[in-house]
Structure formats: structure tokens, C-alpha cells
Amino acid sequence: MRIPIIAGNWKMNNTLSQSIDLVKKIIEKYLREEVEVVLAVPFTSLYEVKKLLEGTKIKLAAQNMHWEDKGAFTGEISPLMLKEIGIDYCIIGHSERRQYFNERDETVNKKIKAALKHGIRPIVCVGETLEEREKNIHEDIVKNQVVKAFEGVDKDHIKDIVIAYEPIWAIGTGKTASSEEANKMCSLIREAIGHIYGEEAKNTIRIQYGGSVKPDNIKELMEKEEIDGALVGGASLNAEDFIDIVNY
Ligand code: 13P
């Protein structure tokens, strides 16, 4: 049984005071217990949000990290810094990082290994562009992203890793992949994991869908066999919408 996991990725939204307000609103409301809920908040809000989440079941995530423990990397945040705050998860290889900050499969791989070394669970993002889908190479692109991301990652860690399939053309556009298409791509990712790590890992790894997830499409997505959760952008910035998504 894979436990469903719904994460809100706030991206570069919410100052510290805004983060505190939003987290308080989320905590006040009932969130169904069978779903693991994660909030990926900006670095500047992590410490205070961690304190607010104390005593709740909501988990905390960062949105990125460097792979080195420390050193001359001006402006970067290390896994050690995040670990001390007490984060549970870290989003790694989000398409916006790949697109705007030159994130590569090689650095995604390094970050995954560094996170695992420090007991931080990676939420590994993969997904194709519209152009790649139109050329009908999206399946190979995504499979290749998975293979490269997991290079040298130990089988024992599969239970700690979440994959988020986020087609880039569906992010922030209001266009969701159909639940059938999302399910098909999650199935393909699961097969790729099975190919590398075997049957047990294939059935263990949790795979989220991300891209314009909203209260009115979450149910249909979650009914699909291969989809174990959602990585929610825009709709996670509104407490009511996010709660409706979690309580789908
Ligand atoms: P939207 O839900 O705003 O489309 O964002 C998806 C996303 O990128 C989550 O990481």
C-alpha cells in the first residue's frame, strides 16, 4: 500500500509573515489523515514554519538545495543547513530550476544522493516540454531523466524517494494532462524504476502528478492506479483550495 502524498509547492511566493498566515490557516482546518501532506515553502520561511508545524502531521520541504555540505558557493543552501532546521523533504530538479537555472540531470543526481545522505527525502521532478511531446519523444525524455537521476542511487532508498511527473506544458497554464495521460506517464516512470531496481521497488516508489492540479480535478487524478499524489503549485497558495485538494 502506497500512502498518498500531496505537496504544496509555494515556489517564490510568500514573505515570512505571509507564510505564517497561510500555514496557520491550513493547520486550523481538518486535513484527512490517510494523506501525507507536505509544504514546500521558501528558504526564508522554513525555520518559522517548522515551529508552527510542531505537533501536526504536516511535513516540511525545501524547494532546492546544493549537493555539497559547505564551501565557497555564494548564495547556495546546503543539506546540512536544511537538516538542522528539520525539513523532511526537498524538491529536486523542478522544471523551473532546469529551465531558468541551468539545472542538469547530473546535478539532479548529485542533489538526490546528497539529500539521502543527510536523511532528507527527495521529491524528484521529471517532465517533458510541449515541443518534446509534439515530437512524440516525451516518453524517452522522461525515461531518460529518471535513469540519469537515479544513477548510483541505492535500492534501499527507493522507499524514501518520491517522483513528481510534471509535464512542463501543464505547469501554471491551467492545462492539466488528462488523468489517463498522467496515469500512463506515471506507469512508464514506474516501469523505468522496475527496470533498474526490480519488482518490489517498482511497487514501492510513490509517484505524484503535478501541473494545474485544482480542487476540481484532483479526485479524478487520484483515482488512477499509478498516481500516488500531487505536487500542487498555484492552488497551494490558497488555504481553502489546498485543503480541498488534500481532502479530495
Ligand atoms: P501549478 O499547479 O501552478 O501548475 O504548478 C505545478 C508545479 O510546478 C508544482 O511543482
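Whatever order the structure lists ligands and atoms in, that order sets their numbers, starting from 1.
Nearest protein neighbour of atom 2 (O) of ligand 1, counting heavy atoms only, is G233 N, 2.9 Å. Closest to atom 9 (C) of ligand 1 among all protein heavy atoms lies E166 OE2, 2.9 Å. The closest protein non-hydrogen atom to atom 5 (O) of ligand 1 is K11 NZ, 3.2 Å. Nearest to atom 3 (O) of ligand 1 among the protein's heavy atoms is G234 N, 2.8 Å.
A heavy-atom separation below 4.0 Å is not found between G210 and ligand 1.
One finds a salt bridge joining E223 and K219 here, because a Lys/Arg side-chain nitrogen approaches an Asp/Glu carboxylate oxygen to under 4.0 Å. Comment: K29 engages E240 in a salt bridge, judged by a side-chain N to carboxylate O separation of less than 4.0 angstrom. A salt bridge links D69 with K117; the closest basic N to acidic carboxylate O contact falls under 4.0 Å. A salt bridge does not link D160 to R206: none of the charged side-chain nitrogens sits closer than 4.0 Å to a carboxylate oxygen. Ionic pairing of K135 and E131 is present here: one or more N-O contacts between side-chain nitrogen and carboxylate oxygen are shorter than 4.0 angstrom.
Rounding to the nearest 0.5 Å gives a distance of 4.0 Å between CD of E132 and CD1 of I141. Here I207 contributes atom CD1 and L231 contributes atom CG; the two are 13.5 Å apart, rounded to the nearest 0.5 Å.
Interface of G211 with ligand 1, defined as ligand atoms under 4.0 Å from a residue heavy atom, comprises 4 (O), 6 (C). Heavy-atom proximity to H94, at under 4.0 Å, picks out these atoms of ligand 1: 7 (C), 8 (O), 9 (C), 10 (O). For ligand 1, the atoms closer than 4.0 angstrom to any heavy atom of A170 are 4 (O). Which parts of ligand 1 touch G172 is read off a 4.0 Å heavy-atom cut-off, strictly below it: atoms 1 (P), 3 (O), 4 (O). The distance from ligand 1 to the heavy atoms of N9 drops below 4.0 Å at these ligand atoms: 9 (C), 10 (O).
Residue S212 places at least one N or O, backbone or side chain, under 3.5 Å from an N or O of ligand 1.
Of all the heavy atoms of I171, the ones lying under 4.0 Å from any atom of ligand 1 are found in both the backbone and the side chain.
For N109, the side-chain hydrogen bond (donor to acceptor under 3.5 Å, both in side chains) partners at least two apart in sequence or on another chain are K113.
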